[in-house]
Amino acid sequence: MNEVVSFFSTTLRLATPTLLAALGIVFSERAGVVNIGTEGMMLVGALSGVIGSYVTGNVWLGTLIAIVVTVLFAAIFGFFTVVVKADQTVIGTGMNLLASGLTITVNRALFGASTSPPEIDKFVIAPIPGLSKIPVIGPIFFNHHILVYLAFLLVPIAHFVMFRTNVGLKVRSVGENPKACDTVGIRVGMTRFLSILYSGILAGIAGSFVSMGMLSFFTEGMIAGGGFIALAAVVFGNYTPRGVMFSSLVFGASNALMYRLQALATNVPSQFPLMIPYVITIVSLCIVSRRSNKPLGSGKPYIKE
Amino acid sequence: DKKDSGSASDPDAPKKDVKVALILEGSIADMSWNATAYEGLKRIEGLGATIGHTENTPVASAADAIRAFASDGYDVIFMSSNSFQDVAVETAKEFPDVQFFLINSAATESNIRSFAIQDAEQGFLMGALAALLSVNNKVGFIGGLPINPIINGGKGFEQGAKYVNPDIEIMSQNTGNFDDAVAAKELAKQFVSEGVDVLCPMANQASLGVMEAAEETGVLAIGSGRNQETVAPNAAVVAIIKDTSIAYEAAYKSYLEGKMPEEILPMGAAQGVIYIGEYYKDDISQDIKDKLNDIQQKLAAGEIKIKLD
Amino acid sequence: MTTILEMRNITKRFGPVVANDDVSFSVKKGEVHALLGENGAGKSTLMNILFGLYEQTSGEILYKGKTVNIRSPRDAIHLGIGMVHQHFMLIPAHSAIENVVLGYEGNSAVLDLKSAAKRFTEMAERYHMNIDPWELVGNLSVGQQQRLEILKALYRDVETLILDEPTAVLTPQEVDGLFEVIRQLVAEGKTVVFISHKLPEIRAICDRCTILRRGKVAAAGLPISDIKDLNELARLMVGREVELVTEKTPSEPGEVVLNVENLNYTNDKGIHVLKDVNFDVRAGEIVGICGVDGNGQSELIKCLTGLLHATSGKIELMGNDITACTPKQVLKQGIGHIPEDRHAMGMVGQMNLRENISMVDSRDEPYSSHGFMHWRWIDDHSRNLIDKFSVKTPSIMEKAINLSGGNQQKLVVGRELSRKANLLIAVHPSRGLDIGATKYIQSQIVEARDRGVAVLMVSTELDEILEIPDRVLVIYSGRILACLDQCDCTRSGLGLLMAGIEDGEEDRPA
Amino acid sequence: MEGLGIKQRLQETLKSIYFPFVAIVVSLLIGSVVILATSTTSPLTAYGHMLKGAFGNLAAFDATLIKAIPLIFTALSFSLARRSGIINLGAEGQFMMGALAATAVGVATPNLPAIIHLPATLLAGFLGGALVGLLTGVLKVRFGASELIITIMLNYIAKELISFFVNGPLMDSASSSYPQSAPMEPSARLYKFIPGMNVHTGLIIALVFIFLYYFFLWKTTAGFDMRVVGFNPSAGEYAGMNIGRSTIFALFLAGGLAGLGGCIEIIAVQGRLMMTSFIVPYGFTGIAVALLGNLNPLGVLFSGILFGGLSAGALRMEVMTRNVSSSVAVVIQALIILFIAGRQMFAIKKRYRSRSSSGTSAGKTVTDEAKDDDAPLAPATAEEGV
Ligand SMILES: Nc1ncnc2c1ncn2[C@@H]1O[C@H](COP(=O)(O)OP(=O)(O)OP(=O)(O)O)[C@@H](O)[C@H]1O
Ligand SMILES: Nc1ncnc2c1ncn2[C@@H]1O[C@H](COP(=O)(O)OP(=O)(O)OP(=O)(O)O)[C@@H](O)[C@H]1O
Ligand SMILES: [Mg+2]
Ligand SMILES: [Mg+2]
């Protein structure tokens with residue numbers, strides 16, 4: 001029984017950073033921006049969160065600082081891709097490199113190279129009074145960090161914004177056909193820039209959840225591919241918030257399963273359990289693949305005559 | 001010009017200004033292998049040498065690194081990973097009067113000396129202590145990237161645990177990398193849910209994840225390097241330290257004295273490279289501590305042999 | 001009447017190309033002003049500059065007497081200028097209504113598409129241009145998309161409306177509807193700039209016209225009444241006399257080339273688009289299919305060319321069954337195909353002209369042999385083709401997308417006409433072409449017929465239908481309503497049939 | 001290009017030199033702030049070393065070339081796929097699998113004549129990558145699964161496979177149980193070929209494949225069809241091309257190119273397959289190289305060399321200046337990538353506006369021989385998609 005419980009609650013926990021980041025990317029992707037740089041943004045968020053929490057002694061202020069810093073970082077990405085109209089993928093790759101270099105440099109400058117990580121205020125499990133007491137359901141759904149609840153609450157909101165509001169329509173259209181948007185008076189560049197900043201906000205939160213929720217410290221390169229997984233989650237989720245939630249959960253579950261198997265089958269070479277999440281993703285992708293919502297203008301800068 | 005290479009050696013250093021370089025495959029912030037290697041370099045600096053290093057150096061760049069250092073007049077070059085062996089042997093030929101030290105390698109050419117860190121002994125001590133501490137007779141070892149030190153550490157761990165308690169249950173897995181502390185932590189939690197009550201990480205910086213898991217799940221943890229305990233104030237028992245810095249210093253001294261043995265220098269408990277750190281918890285029975293010290297002596301004295309394949 | 005809009009000495013360069021050369025253009029408030037010129041004369045460019053899509057290289061714009069700096073359509077819109085673009089500015093992935101309200105200033109933060117749809121539908125009905133507001137634009141026919149574009153512009157009430165070839169794909173009824181609209185607008189004191197290549201339309205609706213010739217002004221503010229006939233207009237646009245009559249001997253049909261039997265097609269949404277279609281096309285005759293856009297023409301052609309597969313029935317080409325063939329196999333049988341939508345299908349915008357010309361036959365001699373392209377031959381071939389069909393371009397290395405749309409059309413038509421084929425399928429062959437080009441293309445088609453090619457021509461242009469084909473099939477909601485010999489065709493008769501009203505004079509196909 | 005006159009061509013060339021130059025200067029200026037903030041070394045000395053390490057002398061250029069070779073292959077892999085309308089993020093994994101396959105062949109059969117062994121090994125390397133590409137292609141075409149994800153996932157799987165093989169089946173029995181393969185047989189290796197330089201014959205292979213890439217895409221019908229499909233699939237279909245086959249074939253070749261790169265890296269540079277053979281993200285760097293080179297053959301060659309120089313130079317800077325740490329070197333590399341990619345920002349007078357050259361007019365690489373065709377990805381108005 002509590003096997004099941006721990007499996008599902010682990011799933012939710014592991015799905016959260018992917019979901020947070022992906023909920024940001026889904027908007028920038030819809031706006032026609034391919035953000036390979038998410039990995040770097042999360043890394044920046046992870047470090048700045050820890051620094052913030054260390055300085056202010058408050059994990060929430062830390063997260064706030066993480067958001068601000070990551071948004072600034074995202075603004076660089078926006079500047080190069082939207083204003084300068086440079087190639088998004090190259091810039092994204094560059095941003096990842098920049099992030100790994102900067103985080104290492106700053107982290108060592110502040111806390112030294114090989115010393116113990118600083119004591120920081122971290123997110124604590126926040127059981128929802130009452131609900132968390134319900135057997136099975138409670139521990140699975142209502143016994144998590146606040147950011148876990150937040151991430152999942154954000155899904156319907158994001159869905160509403162994307163498909164019911166004027167802003168959402170603009171974002172979706174700018175990615176499909178920027179020229180058409182231009183002809184109806186939409187500021188294509190502005191729209192894209194803002195959605196990049198927005199994805200920065202969420203990447204920042206996602207990063208600080210990794211460094212202050214799932215862990216309580218920063219180590220070099222700790223995102224370890226999480227950004228790319230989030231990117232995959234968006235494509236896998238077919239560019240909708242709901243879909244993104246689904247795919248994040250698939251990733252979460254297959255990772256939970258992987259750890260489970262690693263623990264159970266300690267005699268099997270570790271590499272095989274480690275492959276499971278990726279295999280599962282490919283397989284389920286082949287099963288569920290349908291008409292893609294990939295924006296037509298995706299990845300292309302909009303250049304006027 | 002060499003002025004910019006900011007010579008840190010004080011003017012009245014004992015010998016002529018020796019220049020010592022260290023080429024690291026990983027990051028000096030990994031709280032273990034590379035970190036202690038870097039400490040070693042610092043110790044050597046303390047002996048009056050001018051030092052230089054490169055981190056995160058991929059095999060593909062090792063040759064360039066060697067050439068760069070050698071052509072900049074470095075006298076001694078340490079290579080911190082067995083991945084570098086082939087490249088080093090190749091490139092060393094180009095610089096006959098530079099002395100090379102390879103860690104965990106079998107090469108002993110004219111200007112190459114190798115020393116083998118006894119990672120297995122560290123694992124053995126961790127395993128033994130874990131077995132001594134375990135209440136439900138189930139201990140867990142979590143490695144990172146399955147490279148040589150980690151694999152041997154794992155082998156040592158099993159034999160160490162069995163040594164004190166032949167019918168102990170052992171769980172041992174590698175997370176596949178040193179960066180992903182989350183993966184290490186989640187795996188550790190799974191171990192605990194399987195009944196493991198003593199966790200032993202050997203995954204560089206990712207080890208922190210394991211320590212934290214122990215703290216959260218209220219089991220014990222044995223560190224594999226300094227600074228890992230801070231995230232687990234209640235869980236951390238002690239760290240079995242593999243202080244390669246001592247190895248480096250020893251190697252350098254032997255170079256200064258100009259008497260370097262042909263054969264591969266083993267670096268383990270005997271050389272004081274692998275030792276038991278100071279206990280973080282005071283509720284560890286003296287009896288256990290004695291047993292462990294005894295094991296360490298046996299390892300040092302070579303009375304315990306660890307099988308590596 | 002006061003001058004509302006004045007463009008002074010506008011020059012626009014695209015690299016080497018001078019699209020507008022010191023053009024001055026002025027429009028009076030409340031008039032319908034025609035902007036005329038050959039393909040590539042610079043009409044769209046000029047209007048795109050006025051609308052802020054392009055930035056002029058030099059020259060200034062006055063609106064209501066004030067110099068204005070229009071740097072983006074946003075600015076133009078704020079000035080009260082609206083534009084219907086020649087190439088649709090629509091988002092296929094969105095519903096019609098989403099496309100309409102997109103960027104509309106009056107939108108509330110949370111969209112109320114329902115009431116928007118209501119307003120839209122009322123408007124559409126008023127102008128006889130019905131479209132289901134909830135349908136995905138991707139599923140709309142080209143004609144419907146054109147209507148949507150117009151309605152989109154009207155949804156925002158504008159002071160000055162630019163219409164860049166709005167009628168190219170509309171049926172006579174729809175054109176009348178549009179003229180209704182234009183008259184209403186003018187009555188409300190609004191101003192309209194109208195681009196078209198069709199003199200009757202211009203006569204019907206415009207007051208004055210400005211004529212561009214190779215980017216320069218050939219005539220400014222000329223009253224329409226001064227233009228006596230097509231030849232005169234053509235002379236003004238081209239600068240010399242042009243031959244405008246396609247002389248055409250009666251056809252002598254040979255053996256059956258294409259034979260279609262009980263063809264049925266039901267699309268993935270379960271709609272029965274083609275119903276028991278029967279007809280044949282013989283060597284040396286031109287069969288025209290006329291009908292309101294969206295009555296199954298597109299699907300029929302797709303079935304014939306292997307891009308779609310019929311649900312039932314049989315298609316025979318030169319006696320062998322091609323019902324289940326892939327496009328490649330069909331092409332092998334010798335089909336030339338001028339597709340409905342040149343941008344989506346006919347060409348690759350980002351590739352240069354010679355590559356676009358080799359596209360269809362790349363795998364065959366003399367374009368290539370043993371898997372290697374013969375660029376030297378292709379270059380010569382391309383230059384000839386470009387001269388022959390007078391495609392206006394700086395070089396065969398120019399990207400297709402940089403051609404004027406009309407020239408893009410010439411490119412595609414030219415390519416398909418110069419391929420050796422037994423059957424030529426021509427969908428809206430003269431769409432967006434100026435008079436001269438239209439006549440030339442038509443004569444080329446007739447020539448192909450005389451060479452013994454069987455031609456199947458789809459068109460919404462009554463004039464074209466009345467002039468070119470030897471036989472005319474009228475298609476309505478997926479059914480062939482009638483098969484008439486050209487001599488039996490009358491404007492009114494066809495008009496009624498296209499509207500689905502079957503009366504007297506038609507004889508059912510056997 | 002017929003379209004442009006001599007004057008404009010001159011402009012193009014000047015631009016193509018001017019822009020990257022300013023870009024590098026600016027990024028170095030910003031980088032120097034980081035250097036000053038984190039070390040006692042003067043930026044000038046640091047950069048001096050960097051430049052020397054990259055192109056300073058024959059030895060430096062030697063190192064640069066060696067580093068450029070694998071990047072050229074992964075870049076060609078990405079470019080070929082991109083030209084066919086596919087985004088291949090899988091060069092990473094294809095590179096590894098190529099290396100793995102090559103190792104299997106390279107160690108398996110001792111005392112085989114090089115004439116047989118070497119080609120066999122190279123072929124294995126190509127196929128190792130190509131099969132991964134093929135798998136991707138089939139999944140994409142058969143199930144409509146996005147190649148983006150499949151390739152990313154296969155990268156991770158490849159990493160684990162390497163780990164498994166060097167710890168298991170391919171582990172060198174001789175080397176006291178290190179997780180690494182046995183050294184490549186001498187008959188399966190590539191060697192130095194220029195006296196006094198360490199660069200190996202892989203360079204020649206790379207140049208050959210750059211030419212083949214050009215020749216295939218622009219001179220053969222198969223390549224031409226691929227480009228048509230890449231730009232506009234429905235046009236390709238209309239023209240009777242088989243989209244599915246083109247896609248699969250493109251991914252097969254792309255995978256093969258990356259695989260060959262991996263193979264060469266092992267048999268020429270690293271000598272044996274190791275756990276740590278692939279800490280460098282050859283695949284992802286290749287993407288940047290490809291796009292910086294506008295997916296053009298010469299573009300790829302030169303941006304490959306630029307990137308090779310970056311890492312060689314960064315290493316030397318780290319070595320020669322004790323306290324400019326590797327992470328700072330990384331930051332500087334990143335800045336250079338960003339500013340070179342965004343070099344059109346330095347346009348003095350506003351770009352002359354024509355679609356054929358819009359955006360890319362300034363965006364052409366140092367090397368771009370102004371070939372009048374942008375990749376599908378290269379700036380183009382959305383019209384292209386509609
Ligand atoms: N973006 C562009 N880049 C290069 N040349 C262009 C571009 N846009 C238009 N041109 C050229 O400018 C000239 C005028 O084009 P324009 O579209 O204004 O002609 P037009 O009068 O609209 O022709 P049509 O009747 O076919 O619409 C043409 O020669 C065209 O090739
Ligand atoms: N997105 C685009 N990219 C490149 N060129 C374009 C684009 N949109 C339009 N053009 C070209 O710009 C010019 C003006 O645009 P427009 O869409 O009005 O074409 P047009 O020449 O009027 O087409 P048509 O022949 O149908 O009348 C044309 O040459 C057109 O081909
Ligand atoms: Mg036009
Ligand atoms: Mg036109």
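First the proteins, then the strands, lettered A, B, ... as listed; each starts at 1. Side chains are part of it too, since the values below use all heavy atoms of this structure and drop only hydrogens, waters and symmetry mates.
With values rounded to the nearest 0.5 angstrom, A/Ser6 atom OG is found 10.0 Å from B/Lys189 atom NZ. Note that OH of A/Tyr259 is 8.0 Å distant from CG of B/Leu187, once rounded to the nearest 0.5 Å.
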Practice prompt. Report the C-alpha distance between A/Leu215 and B/Lys185 in whole Å, list the side-chain angles of each, state the deciding distance to 0.1 Å, and finish with yes or no for side-chain contact (heavy atoms from CB on, under 4.5 Å).
Written response: CA-CA 8 Å; A/Leu215 303 164; B/Lys185 182 173 180 179; 3.6 Å; yes
Item to complete: Test side-chain contact (heavy atoms from CB on, under 4.5 Å) on A/Gln262 and B/Phe191 and set out the steps.
Response: CA-CA 9 Å; A/Gln262 271 193 304; B/Phe191 275 20; 5.7 Å; no
Practice prompt. Just do the side-chain hydrogen bond (donor to acceptor under 3.5 Å, both in side chains) check on A/Glu119 and B/Thr230 with the steps written out, would you?
Written response: CA-CA 8 Å; A/Glu119 295 270 351; B/Thr230 48; 5.9 Å; no
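Residues B/Met171 and A/Ala263 come closest through the heavy atom pair CE-O, 2.7 Å. Scanning both residues, A/Ser270 and B/Gln173, for their nearest heavy atoms gives CB-OE1, 2.9 Å.
Other residues, nucleotides and ligands place no more than 12 heavy atoms under 6.0 Å from the OH atom of A/Tyr54. More than 12 heavy-atom neighbours from other residues, nucleotides or ligands sit within 6.0 angstrom of OH on B/Tyr275.
Contact count versus chain B (heavy atoms, under 4.5 Å) is highest, among A/Glu220, A/Met222, A/Gln271, for A/Glu220. Ranking A/Gly221, A/Pro17, A/Ala224, A/Pro117 against chain B, the residue ahead of the rest is A/Pro117, based on heavy-atom pairs under 4.5 Å. Of the listed residues (B/Ser172, B/Ala183, B/Pro146), the greatest number of heavy-atom pairs within a distance under 4.5 Å of chain A belongs to B/Ala183. Here B/Ala181 is the residue among B/Ala181, B/Ala206, B/Gly176, B/Gly225 with the most heavy-atom pairs under 4.5 Å with chain A.
Judged purely by distance below 3.5 Å, without hydrogens or angles, the side chains of A/Thr10 and B/Glu186 never pair a donor atom with an acceptor atom.
Between B/Glu55 and A/Arg108, at least one side-chain nitrogen of the basic residue sits less than 4.0 Å from a carboxylate oxygen of the acidic one, meeting the salt-bridge criterion. Between A/Arg260 and B/Glu194, at least one side-chain nitrogen of the basic residue sits less than 4.0 Å from a carboxylate oxygen of the acidic one, meeting the salt-bridge criterion.
With a 4.5 Å cut-off on non-hydrogen atoms, B/Val182 touches chain A through its backbone and its side chain both. Heavy-atom distances place the side chain of B/Glu216, and not its backbone, under 4.5 Å from chain A. Residue B/Thr175 touches chain A through its backbone alone, counting heavy-atom pairs closer than 4.5 Å. Both the backbone and the side chain of A/Ser216 come within less than 4.5 Å of a heavy atom of chain B. Heavy atoms of B/Ala188 lying under 4.5 Å from chain A are absent altogether. Interface residue A/Leu14: only side-chain heavy atoms are found under 4.5 Å from chain B.
The contact list for residues 272-282 of chain A toward chain B, using heavy atoms and a distance under 4.5 Å, reads A/Leu274 by residue number.
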